[in-house]
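A quick write-up on the structure given underneath.
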Amino acid sequence: MSAPAAPLLTVEHLTMRFGGLLAIDDVSFTAARGGITALIGPNGAGKTTVFNCITGFYKPTSGRLTLSRGGAASPADIDALTASSRRSRKTAAGAVYLLERMPDHEIAAHAKVARTFQNIRLFPGMTVLENLIVAQHNELMLASGLTVLGLLGLRRYRDAEAAAVARAQFWLDKIALTARADDAAGALPYGDQRRLEIARAMCSGPDLLCLDEPAAGLNPRESSDLKALLKSIRSDHGTSILLIEHDMSVVMEISDHVVVLEYGRKISDGPPERVRNDPKVIAAYLGVEDEEVAKVEAEIAR
Amino acid sequence: MAAAATEPRSLPANPLARGLKEGLGAALLAFGLAVPILALRTEQNISNQLVLQPRWHYVGFAVLAAFLGRLLFVLATSAAAPRRPKAAAPAAFPAGAARALSILGLLLLLLYPVLALAIAGRAGAVKWIDNFGVQILIYIMLGWGLNIVVGLAGLLDLGYVAFYAVGAYSTALLAQNFGLSFWLCLPLAGILAAFWGILLGFPVLRLRGDYLAIVTLAFGEIIRLVLINWVPVTNGYAGISGIPRPTFFGLPFNASDSGFAAFFGIEFSPLHRIIFLFYVILALALITNWVTLRLRRLPIGRAWEALREDEIACRALGINTTNTKLTAFAMGAGFGGFAGSFFAARQGFISPESFTFMESAVVLAIAVLGGMGSQIGVAIAAAVMIGGTEILRELEWLKQIFGSAFDPAQYRMLLFGLAMVLVMVWKPRGLVSFRRPSIFLREARPVRADMVKEGSG
Ligand SMILES: Nc1ncnc2c1ncn2[C@@H]1O[C@H](COP(=O)(O)OP(=O)(O)O)[C@@H](O)[C@H]1O
Ligand SMILES: [Mg+2]
């Protein structure tokens, strides 16, 4: 079988209800391992809500979110896990997780899903370097013997911290912020903060990186830097990307697969060229009336 | 017309004229306030009648003070104003100077009892070592303990005195019921207080901001009420006495043949114990400081600060915020417990009266005035606040002005409040209003206060 048959994340029948509001209605899609999957749609379509379900900030009303680390999990493994009340299960290739059963911090720590936020959420009063070190908290915590060994200043912790700084420095070079490593994150210009948030997510060593509108508010140059950065994350670091984006130039250029939401429902799903020409998508973006969509569809069918 | 009316509002060129004008305004306000509060005093005469005693000179003092205060303030600020913009960005903190300052401070603290003896003599030194030295150090330690919870983790705790009380009562009860010595009670008290910190932490984990503050306040009151009402164990209002004093490696500080003085062949003096207590609390405070500074550079300390900055981002990075908050509560509570244990052993007697909300408020004020989770800021705030209020007791000469019924110590809280208002106007983020990064690549640049969040949990 070819590689796309082994998705990293499988979203099945995801539904999220806020009181009377159906924010996501039976949405299914997959995020390919080693690919960039874009999630697009008009404002209020439910894109951020999908992210919040995947990263555990919301508990979905119903649906299954399966993430298989290491390699594809066999259907038998997934069925066995679903039937049990457990959250994860070891597989031949690695492990498989049911994200809807896990709290947010465990999804980040164990299932290795990192995310950024639509409204940047850095630690503004901490320096750029500190932001990147905090992202490596769990590893450093173990190395510090849950603080006890670190308190005694043992070698093992100092080595781990040096390694963490090296990793931070690697990402600082990558986003061209090394010169500002010792400045407060809150003092950076907007574009730098966006890049820093991505670098911070990458410092946690994720398998899946979820980016919520990373190009929003960037100028064309920053936007093209971002494209290069995301491509490099996918190809050099083996991190798969799930991307919410309004900037169509970014979406069309870098994504391997596009999922379109409107009013909480999936209206299109496929490679970028196909989605771009999908009349339903065009209608959703241009805001035409439903009957016109039907007319266009009928014309296409003819 | 409208333009003319608003003209005087823009700063007049002459600061003296402005100062006089604003001084007059302040004096008028002071007069209005002072007349009903200070001008007349009711007193009972021999036949139990109320008589009014005019005290117009008090009003005069208040008005004069307001006028001069405002005038000087305006003059001082207008002189400082042109220099303001330059001070916007803090210069890179001279690390060498800070180091020299802390070594100097440490030396001064170590030599403090000797200096007090040399300057004030044997009789006078008791006051300076006990009332000032030991008292201030207890509050420094409490401030540093609370600083972990409020300054680093950004969790507003209004019931910190509860852990101080748990430490003190643990020591008292363990000593009374099981005959344990102070040196055994001390670690146990810290552990028990930390345990209570976790107990409090659990129910309040989901609360943030005002709600957290109110529940911690209630917790402090619950502990105090239990201490008052659980008479069979705590002896209620009467308190617990006969708590064993700390010994010097088993040598008690008394005049007996097996005492400290006899062992070293020196003449017995109550000063020995006081000086010893000074060094004990100094050591405890320094340990608190050392541990806190160390923790700040460990993952747990950085997680506390990250929690203060943005809890949601913490969770997205895989940080277990529940455990992080609980460790902050437990750490802060533990240090409060150590301080409480020391307090019990120093006094030899404790009662619920020592653990009122006022104590929580004073410790919180010290932590807030110190600023930004800064260790040195907290120490300075404690020294000024506690030392300042102690000094009030010394101002006997004020009786010459205000009459013999005047007790300056009664004005403690008034001045405390005034000092807080002044500091908050002058330095809204506390005395030390920048944050030192816990790690750096090239140089440790201080982070300006307006970047740093105060925490909302
Ligand atoms: N916590 C919430 N409570 C209630 N409604 C919510 C909540 N989060 C999102 N929504 C609603 O869900 C819908 C989808 O929102 P969102 O996912 O933010 O859209 P998008 O990111 O696609 O612009 C909106 O109508 C929004 O008001
Ligand atoms: Mg959104």
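Order of the sequence lines fixes the chain letters, A, B, ..., with proteins taken first and strands second; residue numbering starts at 1 for each chain. Nothing here was measured: the structure is a model prediction, and the numbers come from that model.
Note on A:Ala187, A:Ser204, A:Ala114: by heavy-atom pairs under 4.5 Å with chain B, the leading option is A:Ala187. Of the listed residues B:Thr322, B:Leu317, B:Thr321, the one with more heavy-atom pairs under 4.5 angstrom with chain A than any other is B:Leu317. In terms of heavy-atom pairs under 4.5 angstrom with chain B, the leader among A:Val113, A:Asp104, A:Ile107 is A:Asp104. If you tally non-hydrogen atom pairs under 4.5 Å between each of B:Cys314, B:Gly301, B:Ser438 and chain A, the highest count goes to B:Ser438. Per-residue heavy-atom pair counts under 4.5 Å with chain B were compared for A:Arg121, A:Lys112, A:His110, and the maximum is reached by A:Arg121.
Using a 4.5 Å cut-off on side-chain heavy atoms (C-beta onward), B:Leu441 and A:Leu172 make contact. Using a 4.5 Å heavy-atom threshold, the side chains of B:Asp310 and A:Leu122 count as separate.
Between the A:Asp182 side chain and the B:Arg445 main chain, no donor and acceptor come within less than 3.5 Å of each other.
To the nearest 0.5 Å, atoms CZ (B:Arg315) and CZ (A:Arg115) are separated by 10.5 Å. Atom CD of B:Glu311 sits about 10.5 Å away from atom CZ of A:Phe123, to the nearest 0.5 Å. Here the OH-CG distance, from A:Tyr157 to B:Leu298, works out to 5.0 Å after rounding to the nearest 0.5 Å.
Partners of A:Glu213 according to the salt bridge (charged side-chain N to carboxylate O under 4.0 Å, His left out) rule, which considers only residues two or more places apart in sequence or in another chain, do not exist here. Annotation: salt bridge (charged side-chain N to carboxylate O under 4.0 Å, His left out) contacts of A:Arg194 (sequence neighbours excluded): none.
Counting heavy-atom neighbours within 6.0 Å of B:Arg297 CZ, excluding the residue itself, gives a total of 12 or less. More than 12 non-hydrogen atoms from other residues, nucleotides or ligands lie less than 6.0 angstrom from CZ of A:Phe57. The number of heavy-atom neighbours closer than 6.0 Å to NZ of A:Lys90, taken from other residues, nucleotides and ligands shown, is 12 or below.
Against chain B, the residues from residues 125-138 of chain A that qualify, each with a non-hydrogen atom under 4.5 angstrom away, are A:Gly125, A:Met126, A:Thr127, A:Leu129, A:Glu130, A:Ile133, A:Val134, A:Ala135, A:His137, A:Asn138 in number order.
For residues 167-197 of chain A, the ring-ring contact (aromatic ring centres under 6.0 Å, His included) pairs, not counting sequence neighbours, are A:Phe170-A:His237, A:Trp171-A:His237.
Summarising the geometry of A:Ala108 relative to B:Ala316, their closest heavy-atom pair is CB-O, 3.3 Å, with the distance given to 0.1 Å.
Neither the backbone nor the side chain of A:Thr116 comes within less than 4.5 Å of any heavy atom of chain B. Looking at A:Ala160, there are no atoms closer than 4.5 Å to chain B (heavy atoms on both sides), in backbone or side chain. With a threshold of 4.5 angstrom between heavy atoms, A:Glu197 does not approach chain B through any atom at all.
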